[in-house]
Amino acid sequence: MYIHLALIQTNSVIDALKKVTQDVDFEIVSMSTTGDKILDIALSKIGEKNLFTRELEVALETKQVDMVVHSLKDLPTTLPEGLMIGSVCKRDSPYDAVVMHPKHKGKQIQDLKDGSVIGTSSLRRQSQLQRKYPGLTFESIRGNLNTRLRKLDEDGKYDAIILAEAGLVRMGWEDRVSQILSADVCMYAVSQGAKAVECRADDTDTLNLLAHIHDPDTTMACIAERAFLRTLEGGCSVPVAVCTEIKDSKLSITGGVFSVDGTQCVQDSVERDLSEIIEPPKKKIRTTKGVNQYISIAGHTDISHNALDAIMAAGVELANKILTPEGAAILKKAKEDTAKAVLEEKRKKELIKAVESGSLK
């Protein structure tokens, strides 16, 4: 039976909301996005922003829907005017997982022979793993989780594919996980593993409702990560990765930028002691009237605004530490390589279209 991850995530948010209110009825409206429809091209080569969000945001803006559930890693760090992230749900595993072809059952990625083909549509994963395992070959693989697993099992092209552990677990496919990649092998994407609920910034009723499922630790980690990404001006077209921990009122965030081929990287870390500025939990949810935004995330949790400011500053500081001459050069080259790939893909499509129409023979 076909199962869609987006529907599973939406239902999980509705279930959480139903636990805090009995006065609201929920209706699910299913939609497709540009990213869902373009399945034959690597994400980095499409050359468009908001691939998985724009159609959904139009529905929000026109009041066809009141909230939209996303994987937070798909949301740009700057949202359209009038929209905001009303809730960041508790983060599941942010790590990447290796899923082996059945013929490699029991193996891990380091056990594969040189020349083995790894499927991933993520430049971040490819660059880090190519750096660690230069003998492996990386090929793009697109489609939803169902499609990618089917391609792995049936096409005979891939020896393994790399997917987010959180997605596999949400789908109930933990048994397909062959290996979890630790941060020293492959740091994860900004906000990976976290669900976000987007809404209209002036919809006070919805914001107050969403405040009940806003997770403080996840919110703090994702604000730091998104501040890091925004300052770097990165996205899915640039290999940028992070690893964040909040423990004993201390924030630790490590980030890195990588060349597309994985031969170059710059990494650094920032720590913050938050013990003096995090307010203790309150029984009453803070009103969202005039709520502040932190990298488009609502600041209406039981965390002081001083703490959120400090966390956002930590992400900015990390980005500035990464932007050494070497780091800036890596980012510039990665963006140039991606822009070139987008142009080549566009020309290829135009050529195919011309041949099919008969205008080119």
Side-chain angles (χ1 to χ4, degrees), residues 5-7 9-10 12-14 16-17 21 24 26-37 43 46 48-91 189-216 218-231 233-236 285-301 303 305 308-309 311-312 315:
L5 178 61
L7 185 58
Q9 294 183 162
T10 299
S12 71
V13 168
I14 290 174
L17 290 171
T21 180
V24 180
F26 298 94
E27 176 188 354
I28 296 176
V29 179
S30 298
M31 297 181 182
S32 294
T33 65
T34 301
D36 296 320
K37 297 170 185 174
L43 292 175
I46 297 175
E48 294 182 30
K49 297 181 179 180
N50 309 328
L51 283 172
F52 294 98
T53 62
R54 190 57 198 139
E55 290 86 350
L56 307 177
E57 289 172 335
V58 169
L60 266 179
E61 291 168 336
T62 57
K63 299 188 177 181
Q64 297 175 57
V65 298
D66 297 303
M67 61 182 80
V68 178
V69 179
H70 301 276
S71 293
L72 182 50
K73 68 183 179 66
D74 292 335
L75 278 175
T77 55
T78 300
L79 299 184
E81 186 176 353
L83 301 182
M84 69 187 302
I85 298 166
S87 178
V88 178
C89 304
K90 185 174 177 59
R91 193 176 207 166
V190 165
S191 303
Q192 184 162 307
K195 297 189 294 289
V197 188
E198 189 178 11
C199 64
R200 292 180 292 277
D202 61 358
D203 187 350
T204 304
D205 290 342
T206 297
L207 282 165
N208 278 321
L209 177 63
L210 293 176
H212 291 278
I213 60 171
H214 207 50
D215 183 73
T218 302
T219 298
M220 289 190 288
C222 290
I223 285 174
E225 292 172 11
R226 284 169 63 83
F228 168 66
L229 184 64
R230 179 189 280 182
T231 305
E233 298 180 350
C236 67
I285 297 292
R286 181 180 295 141
T287 177
T288 53
K289 187 174 182 180
V291 64
N292 290 347
Q293 295 188 37
Y294 299 84
I295 319 297
S296 300
I297 296 175
H300 60 190
T301 64
I303 312 170
H305 292 300
L308 294 175
D309 287 334
I311 288 160
M312 191 161 63

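Position 1 is the first residue of the sequence; numbering continues from there. Note that the structure is a prediction, hence the values are computed from the model and not measured.
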* Give the minimum heavy-atom separation between Glu198 and His70, together with the two atoms involved. => OE1-NE2, 2.7 Å
* Asked: Between Arg54 and Glu61, which heavy-atom pair has the shortest distance, and what is it?
  -> NH2-OE1, 3.1 Å
* Any chance you could measure Ile85, atom CD1, to Leu210, atom CG, to the nearest 0.5 Å? => 11.5 Å
* Please round to the nearest 0.5 Å and tell me the distance separating atom OG1 of Thr78 and atom CZ of Arg230. => 3.5 Å
* **Straight-line distance of Phe26 CZ to Asp66 CG, nearest 0.5 Å** => 10.0 Å
* **Flag side-chain contact, heavy atom, 4.5 Å: Arg200 against Lys63** => yes
* Could you pull out all residues at least two apart from Thr10 that satisfy side chain to side chain contact (heavy atoms under 4.5 Å, CB included)? => Ile14, Ile28, Val69
* **From CG (Leu56) to CG (Leu83), nearest 0.5 Å** => 11.0 Å
* Would you name the heavy atoms of Thr77 and Arg226 that are closest together and state the gap between them? => CA-NH2, 3.3 Å
* Determine the sole option in Thr219, Asp215, Thr218, Val13 for which the side chain to side chain contact (heavy atoms under 4.5 Å, CB included) test with Cys89 is passed. => Val13
* Member of Met220, Met84, His214 meeting the side chain to side chain contact (heavy atoms under 4.5 Å, CB included) criterion with Ile297 -> His214
* Asked: With side chains defined as the heavy atoms from C-beta onward, is the minimum distance between Leu17 and His212 less than 4.5 Å?
  -> no
* **Spacing of Met67 atom CE and Asp203 atom CG [to the nearest 0.5 Å]** => 8.0 Å
* **From CG (Leu229) to SG (Cys222), nearest 0.5 Å** => 11.5 Å
* For the student: nearest non-hydrogen atoms of Ala189 and Glu225, plus distance -> O-OE1, 4.3 Å
* Structure fact -> Minimal heavy-atom distance between Cys199 and Leu207, with the atoms involved, is SG-CD2, 3.5 Å
* Asked: Quick one: salt bridge (charged side-chain N to carboxylate O under 4.0 Å, His left out) pairs with a partner in residues 80-90, sequence neighbours left out?
  -> none
* Taking all heavy atoms of Glu57 and all of Pro80, pick out the closest pair and write down the distance. => OE1-CG, 3.4 Å
